[in-house]
Each structure stands twice: as C-alpha cells, then as structure tokens.
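Below you'll find the structure, written out as structure tokens, and then a few comments.
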2 protein chains.
Amino acid sequence: MTDSKDSRHPRAKAVGKRQRLMAAASRVLHEQGVERTTIADIARAADVPVGNVYYYFKTKDELVEAALSEHTGHLEALTGRLDQLPDPRERLKGLVEAWVSGRDTAARYGCPTGTLAVELDKRAEGGLDLAVGHVIRRLLDWVEEQYRQLGMADPEELALALVGAYQGMSLLSNALRDPEIMTREGARLVRWLDGLTEQVNTPGPR
Amino acid sequence: MTDSKDSRHPRAKAVGKRQRLMAAASRVLHEQGVERTTIADIARAADVPVGNVYYYFKTKDELVEAALSEHTGHLEALTGRLDQLPDPRERLKGLVEAWVSGRDTAARYGCPTGTLAVELDKRAEGGLDLAVGHVIRRLLDWVEEQYRQLGMADPEELALALVGAYQGMSLLSNALRDPEIMTREGARLVRWLDGLTEQVNTPGPR
DNA sequence: GTCTATAGTTGGATAGAC
DNA sequence: GTCTATCCAACTATAGAC
C-alpha cells in the first residue's frame, strides 16, 4: 500500500485495509495461535485502528476464516505454478521442495494449515474445523491426481502418505525446533519419488 | 474412590485428588485444547471443588505439566510392555498397532502428544513447549533403538520417518474426521516393517 | 467509512474463613 | 487440608461521535 491516501473511488482504501487485515491475520494467527491472538494484535500488525476492524470483520471467527482463505489462495497459487511443469513426478518433487523451502517457518511455528487444523478442531463453534478439512482435502486431491497421471496403483493411499509425511515432519521439526528435519525428510521423499517406477507401490517411510 | 472418607493417614485423600486431577487434566486438555479449558472444567471432571485445585497445582501451567507427565507415563508403560517382545520388528509392529487402536480418539481429537505440542508451541511462557519435545524425543529414541537392533542403516532417519508418519496420519485423520485413515496408514506401515529385510538399505557393514 | 470509549463477560489467581 | 468469595486482568464486541 504505497498510495495510502489516494482518491480513486471510495472502495480503494477499504479494499486495501481488508487485504492488509487478511494478510496480517494469516501471519499472526499462525505465529501466536488462534486463541492467544487478540483482535488488537491483528489490527496492530495490519496497521489498522482496533475498533475499525469490526467494520470489515464482524467477529473473530470471520478473521480466522479469512486467514484460512489466504492459505487456500497460497495453495492454489503453488499448485498452479507446479501445473506448468510437464511431468507429474516433477510436479510432486516441486511440491516437496516448496515444503522444504519453508523449513525455518515450519520449525518455528509448524505448518500453517496443519497447526490451524489442530487449533480449530478444539474450537467448537462455527464449523471452521470442517473448513480446514476442505483445504487439506484439496491438496490431497491434487497430489492424488499426479500419482494417477503417473499410472500408480492406489493413488489415494499414496497421496495420504505424502501429505501425511509432510504434516508429520512439520510437527516433529516444530516440536524439536529443528529445521534440518525438514531438509532430511524432504530429501528422503524426493529420493522416493525418483525411485517410484522401480518400487512396487507402497511408499514405506524410506 | 470408594472410600472417600477413610482415615488412613492424612495423605491418602490428598494423593487421590491429585491423581484424579492429573488424569482429568490429561483427558480434558486433550479434548478441549489447552486454551479452551478452564481450571473449572478440570475440577469438574475430577470431581474436586474449583477453589481446591490451587492447593495441588499453583497455576494452570502446572496442570498442563502434570498432563504432560501423564502422557510420558503412558508412553513408558507402552514401550515397557513392548520391550517384553523378543523381536525388535515385532516391537515396532506392536507400536503401530497401539497407534491404530487409538484411531477413534485420534480422529476426534488428534494425537494427545502431537496436539499438545502444537498448542504449547504457541504458549510463550514456562518453556512447556520444550518439555513436549522431550517426550517426543524419548519416543524417537526408543524407535531408533529398535531399528539399530535390526541392524538397519541410519536408524535415526527411520525413526523420524515412522514417528512422523504417525503424527501425520493422526493429523489428517483428525482434520478429515476419518478413523479409517489410521487403519489404512497403519496397515501400510506394518507392511513396510514386514518387508524391511528385503529392502536395500545402503550397502555396507550391517 | 473511521475511530474512541466502554460495556459486558470470562477466567486465572488469591485471601481468608472453616 | 478444604472451600467460598472475590479481586483483577484481558478480551470480544458494541454504541455512537466524528
């Protein structure tokens, strides 16, 4: 937002603030967790006066929902870029590389979507917990499609194993505060993807 | 507590209450999450008057710590039982079976230790986050030892992969509310453990 | 559309009677 | 050791001036 006082049309500033709030919500909720984050925290991070937040988001849950849709957006953007690659195997390897490139964040705060899923599961109201499930489902489906294109048997199972491995290594890396776990496990997954044709079809943890 | 008013020695009732509080804390914190759980919730679940809780645990964090040590206890008990088995491979398979047998709880509330790790990571104070790391480390070490006894190369890596797979499948199963994910992924892990010897694993002295 | 002030509620923690 | 009453801080959400 370089032009913070422009006079395009009435909407201009509003949209800017809404976007800033969404981005801030996504970041702060990930770092501090949903329950520990106050509306004031998000307002501050977005550089928006506290009271004004409620003009854009009527409840805290709506902010959480907004953060979730940010995650969805990032996921779509990533898979969209990977879809440019001609080979499904390269697409999957690109996905793993993207995960590994986020190792420092993962080691410090965990996987943004995964930790959100854990937190929202405990949050009874609003069915937000099911919404996270949809985001994860979407990733699962994309991965499954790649395996299908590779002609693998049981692509659904393989997708669960790959995404599960990512969630698992993120959690361990976070709990032990060690980004190297992401690097090592990522390398293992890439190695496994490379050897796919030779393997039967079950991806052991190796 | 059938004998709730016995007169053994002053400690008798006190120990009972403390134990009840620990067990209740462990269960309720897992189901509702740390932040959403109030002292009153735990007191109610343990059937102890609210105000009395503070006699046993001075802060909420101490209750969380107590719950964590309950988890440690369960883990020790499990590995202790598995250590009775003569074959390391059977011990690992027994571990996976134990995980799968908890599928319904995992699908509803996630892995007790894993979700706790995620939550405590966001909880700045008290270094409780590092304490969860120790529990996970302990599991990792035990698994690593089994692989070592099997003569596998890089047992540390294999331990990370196995425990990571468990954390990942718990999270996915929870996010998608599907216990079958635990069953399927568990079967895959067992299959992989069974085929271990046939697999190549870095040629060299074993 | 923007912002301040504040209402209303919840929950951790303590004081102190029994 | 047990329990009640209560203090106090924090936070969501709203009312209403500008």
Side-chain angles (χ1 to χ4, degrees), chain A residues 1 3-22 24-25 28-29 31-67 119-120 122-126 128, chain B residues 1 3-22 24-25 28-29 31-67 119-120 122-126 128:
Chain A
M1 304 306 103
D3 45 357
S4 64
K5 206 65 186 179
D6 66 326
S7 52
R8 288 177 213 166
H9 74 129
R11 219 60 221 201
K13 245 190 108 185
V15 172
K17 284 199 182 181
R18 170 168 259 272
Q19 281 173 343
R20 259 150 55 209
L21 282 169
M22 286 182 69
V28 180
L29 288 174
E31 295 177 358
Q32 308 191 344
V34 176
E35 304 295 340
R36 307 283 289 192
T37 298
T38 70
I39 308 273
D41 288 336
I42 298 175
R44 198 176 318 119
D47 199 34
V48 166
V50 226
N52 200 356
V53 172
Y54 284 94
Y55 177 74
Y56 299 97
F57 300 94
K58 276 183 282 295
T59 66
K60 185 178 177 177
D61 266 13
E62 280 189 22
L63 270 168
V64 176
E65 201 175 353
E119 285 198 280
L120 293 186
K122 315 293 189 196
R123 208 175 163 83
E125 317 101 24
L128 265 293
Chain B
M1 300 303 100
D3 46 357
S4 63
K5 207 62 186 180
D6 65 328
S7 52
R8 286 176 213 169
H9 74 128
R11 222 55 224 208
K13 245 190 105 185
V15 171
K17 284 200 181 180
R18 170 169 259 272
Q19 280 173 343
R20 259 148 56 208
L21 282 168
M22 285 183 69
V28 179
L29 288 174
E31 294 178 358
Q32 308 191 344
V34 176
E35 304 295 339
R36 307 282 289 192
T37 298
T38 71
I39 307 273
D41 289 336
I42 298 174
R44 198 175 319 119
D47 198 34
V48 166
V50 227
N52 201 355
V53 173
Y54 285 94
Y55 176 73
Y56 298 97
F57 300 94
K58 275 183 285 295
T59 67
K60 185 178 178 177
D61 266 13
E62 280 190 21
L63 270 167
V64 176
E65 202 175 354
E119 285 197 280
L120 293 186
K122 316 293 190 197
R123 210 175 160 84
E125 317 101 24
L128 264 294

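Computed from heavy atoms alone, side chains included, the values below leave out hydrogens, waters and symmetry copies. Below, chains carry the letters A, B, ... as their sequence lines are ordered, and counting in each starts from 1.
Taken from CG in B/Leu128 to CD in B/Glu119, the straight-line distance is 11.5 Å, to the nearest 0.5 Å.
Distance CG (A/Asp47) to P (C/dT2): 13 Å, rounded to an integer number of Å. The CZ-P distance, from A/Arg44 to C/dC3, rounds to 16 Å in whole Å. Remark: P of D/dC11 and CD of A/Gln32 are 10 Å apart, rounded to the nearest angstrom. Between the CD atom of A/Glu35 and the C1' atom of C/dT10 there is a distance of 13 Å, rounded to whole Å. Atom pair A/Ile42:CD1 and D/dA13:P shows a separation of 11 Å (rounding to whole Å applied). In this entry the distance linking CZ of B/Phe57 with C1' of C/dT14 reads 18 Å, nearest Å. The distance between atom CG of A/Asp41 and atom C1' of D/dT12, rounded to the nearest whole Å, is 13 Å. Summarising the geometry, the separation between CZ on A/Arg18 and C1' on C/dG1 is reported as 14 Å, rounded to the nearest angstrom.
In this structure a side-chain-to-backbone donor-acceptor pair under 3.5 Å is present from A/Lys60 to A/Val34.
Ranking C/dC3, D/dC3, D/dC11 by closeness to the A/Lys17 side chain, first place goes to C/dC3. The side chain of A/Ile39 sits closest to D/dT12 out of C/dT2, D/dT2, D/dT12. When the nucleotides C/dA13, C/dC3, D/dT14 are ranked by their closest atom to the side chain of A/Pro49, C/dC3 comes out on top.
Contact check on B/Asp61 versus B/Arg123 returns a salt bridge, with a Lys/Arg side-chain nitrogen under 4.0 Å from an Asp/Glu carboxylate oxygen.
Dashed line: the shortest gap from a side-chain N or O of A/Tyr55 to OP1 or OP2 of C/dG1 is under 4.0 Å. For the pair B/Tyr56 and D/dG1, the criterion of a side-chain N or O lying under 4.0 Å from OP1 or OP2 is not met.
Side-chain contact between A/Tyr56 and A/Glu62 is absent, with no heavy-atom pair separated by less than 4.5 Å. The shortest distance between side-chain heavy atoms of B/Leu21 and B/Val48 falls below 4.5 Å.
Nearer the 5' end of DNA chain D, as judged by each residue's closest nucleotide, is the contact made by B/Val50, out of A/Tyr54 and B/Val50.
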